Amino acid sequence: MQKVLVVDNGERAPDSALSAELAGMGYASVTTPFEAADEVLALIPSPAAVVLQMPLHANWAERRRFLELATRLRKTLAASHTPVIVTGGISGAATMLQHELNTRAVAAADF
């Protein structure tokens, strides 16, 4: 089963659990707070994707922190073609992830 790493700010509301949507799509997920993202990523050998789930009401400093992490992870994971998706809450995150992974599967089939 492919794993998706979900990075958030550590404040999780039951109604915004991306893990439930990912499980419905057939993915296992690991959710970690922002501060532990690098350590957890080191434990997952090849994630299917990394989703950075910014809080809906994040201030500019917190948004910048997530965007900087996204930029760094995109560079780090470029060789493995692992998508890094930034989302503001749960709305649309699963759809974006499904689209990204489907696009990746189609591109791999073309090789």
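Just so it is clear, the model here is predicted, and its values are computed rather than measured. These numbers come from the heavy atoms of this one structure, side chains and all, not from hydrogens, waters or symmetry mates. Here, residue 1 is the first one in the sequence, and each next residue gets the next number.
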For T82 and A78, indicate whether the former's side chain and the latter's backbone hold a donor-acceptor pair under 3.5 Å. no

Nearest heavy-atom neighbours spanning P83 and A48: CD-O, 3.2 Å

Shortest non-hydrogen contact from A37 toward T32: CA-CG2, 4.0 Å

Once you round to the nearest 0.5 Å, how far does CZ of F66 lie from CG of L73? 11.0 Å

When rounded to the nearest 0.5 angstrom, what distance separates CD1 in I85 from CD in Q53? 11.5 Å

Are any non-hydrogen side-chain atoms of V6 and L22 less than 4.5 angstrom apart? yes

Heavy-atom side-chain proximity of T71 to K75 below 4.5 angstrom: yes

Do L77 and V50 touch side chain to side chain, with heavy atoms closer than 4.5 Å? yes

At their closest point, which heavy atom of E35 faces which heavy atom of E39, and how far apart are they? O-OE1, 3.5 Å

Donor-acceptor pair, side chain of R74 and main chain of V84, under 3.5 angstrom: yes

Compare all side-chain heavy atoms of S29 with those of K3 and state whether any distance is below 4.5 angstrom. no

Euclidean distance, T87 OG1 relative to L52 CG, rounded to 0.5 Å: 9.5 Å

Quick one: CG on N9 to CZ on R65, what's the gap to the nearest 0.5 Å? 7.5 Å

Residues at least two apart in sequence or cross-chain that pass side chain to side chain donor-acceptor pair (under 3.5 Å) with R64, listed by chain then number, are none

Distance (rounded to the nearest 0.5 Å) between L5 CG and I44 CD1: 4.5 Å

Determine the minimum heavy-atom distance between P33 and G10, stating which atoms define it. CB-CA, 4.1 Å

Step by step, would you call L69 with V7 a side chain to side chain contact (heavy atoms under 4.5 Å, CB included)? CA-CA 10 Å; L69 177 60; V7 179; 4.2 Å; yes

To the nearest 0.5 Å, what is the distance between CZ (R63) and CD (E68)? 14.0 Å

